[in-house]
Amino acid sequence: VQLQASGGGSVQAGGSLRLSCVVSRSIFSLNAMGWYRQVPGKQREWVAGFASGGSTNYADSVKGRFTISRDNAKNTVYLQMNSLKPEDTAVYYCSANFNGKNYWGQGTLVTVSS
């Protein structure tokens, strides 16, 4: 299983970006997917993910600003990031769990300047 993340870039505070993660396997009915981020020298932290029943969950730090969504036909998961803050600067990773094994994308860098 391969995950290909894209969409990162440099924006000013208050701006928006949309990250995409294309999965090489069907994600239909798969809920164990999410986005994480990591700042150099710090642990990777969970940002957003899907829960059973199709609901979504978010870290408190991004709630109300980020939206995770999916297109099953394209095997793609998205992360819409609005009202970006400098503290959102990180490498963002998508993750999917198939049959108990976790797979990761290569990461895409988001830089938010003040």
Side-chain angles (χ1 to χ4, degrees):
V1 179
Q2 293 184 331
L3 285 71
Q4 183 72 37
S6 62
S10 297
V11 296
Q12 290 192 325
S16 299
L17 283 173
R18 189 178 80 154
L19 306 183
S20 300
C21 177
V22 180
V23 184
S24 65
R25 182 171 169 176
S26 173
I27 63 171
F28 183 78
S29 80
L30 182 68
N31 286 321
M33 295 184 295
W35 288 93
Y36 293 73
R37 65 187 181 187
Q38 187 170 22
V39 176
K42 293 190 176 181
Q43 283 193 328
R44 190 170 297 186
E45 66 171 353
W46 172 79
V47 174
F50 294 100
S52 60
S55 61
T56 55
N57 293 315
Y58 300 91
D60 288 343
S61 58
V62 307
K63 200 172 293 183
R65 301 187 296 120
F66 290 12
T67 303
I68 188 172
S69 62
R70 62 198 290 168
D71 185 334
N72 289 340
K74 296 182 179 179
N75 294 331
T76 301
V77 180
Y78 302 98
L79 186 67
Q80 177 67 44
M81 305 185 295
N82 298 329
S83 302
L84 282 161
K85 305 176 180 180
E87 51 264 42
D88 294 318
T89 295
V91 177
Y92 284 71
Y93 298 89
C94 56
S95 175
N97 189 296
F98 289 93
N99 299 319
K101 183 174 180 179
N102 229 28
Y103 296 88
W104 295 90
Q106 84 286 5
T108 184
L109 176 63
V110 172
T111 303
V112 184
S113 57
S114 57

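A distance of 12.5 Å separates CD1 in Ile68 from CD in Gln80, rounded to the nearest 0.5 Å. Rounding to the nearest 0.5 Å gives a distance of 4.5 Å between CH2 of Trp35 and CG of Leu19. Rounding to the nearest 0.5 Å places CD1 of Ile27 at 7.5 Å from CG of Asp71.
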* **CA sep, side-chain torsions, deciding dist, call: Thr89, Val39, side chain to side chain contact (heavy atoms under 4.5 Å, CB included)** => CA-CA 7 Å; Thr89 295; Val39 176; over 6 Å; no
Contacts under 3.5 angstrom, residues 106-114 side chains, donor-acceptor by atom type, not counting sequence neighbours:
residue, atom, partner, partner atom, Å
Gln106, OE1, Ala5, N, 3.1
Gln106, NE2, Ala5, O, 2.7
Thr108, OG1, Gly8, N, 3.0
Ser113, OG, Val11, O, 3.4

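Looking at every heavy atom in both residues, Leu30 comes nearest to Asn97 through CD1-O, 3.2 Å. Annotation for Val23 and Val1: closest pair CG1-CG1, 4.1 Å, computed over non-hydrogen atoms. For the residue pair Val22 and Thr76, the shortest heavy atom distance occurs at CG2-OG1, 3.7 Å.
The side chain to side chain donor-acceptor pair (under 3.5 Å) pairs that include a residue from residues 11-30 are Ser16-Asn82, where partners are two or more places apart or lie in different chains. Judged as a ring pair (Phe, Tyr, Trp, His ring centres under 6.0 Å), not a single pair has a partner in residues 49-88 (not counting sequence neighbours). Sequence neighbours left out, the pairs with a member in residues 17-114 that pass disulfide (SG to SG under 2.5 Å) are Cys21-Cys94. Under the ring pair (Phe, Tyr, Trp, His ring centres under 6.0 Å) criterion, the residue pairs touching residues 94-114 are Tyr36-Trp104, with sequence neighbours excluded. Pairs engaging residues 35-78 under the disulfide (SG to SG under 2.5 Å) rule: none recorded [sequence neighbours left out].
Contacts of Gln2 classified as side-chain hydrogen bond (donor to acceptor under 3.5 Å, both in side chains), with partners at least two apart in sequence or in another chain: none. In this view, Asn72 and Arg70 satisfy the side-chain hydrogen bond (donor to acceptor under 3.5 Å, both in side chains) rule, not counting sequence neighbours. Here Asn57 pairs with nothing under the side-chain hydrogen bond (donor to acceptor under 3.5 Å, both in side chains) rule; sequence neighbours left out. With sequence neighbours left out, the salt bridge (Lys or Arg N to Asp or Glu O under 4.0 Å) criterion links Lys101 to no other residue. Partners of Ser83 according to the side-chain hydrogen bond (donor to acceptor under 3.5 Å, both in side chains) rule, which considers only residues two or more places apart in sequence or in another chain, do not exist here. For Glu45, the salt bridge (Lys or Arg N to Asp or Glu O under 4.0 Å) partners are Arg37, not counting sequence neighbours.
Salt bridge absent: Asp88 and Lys85 never bring a charged side-chain N and a carboxylate O closer than 4.0 Å.
Cluster annotation: Tyr93 is not connected to Leu3 through the hydrophobic network of ILVMFWY side chains, with a link wherever side-chain heavy atoms come within less than 4.5 Å.
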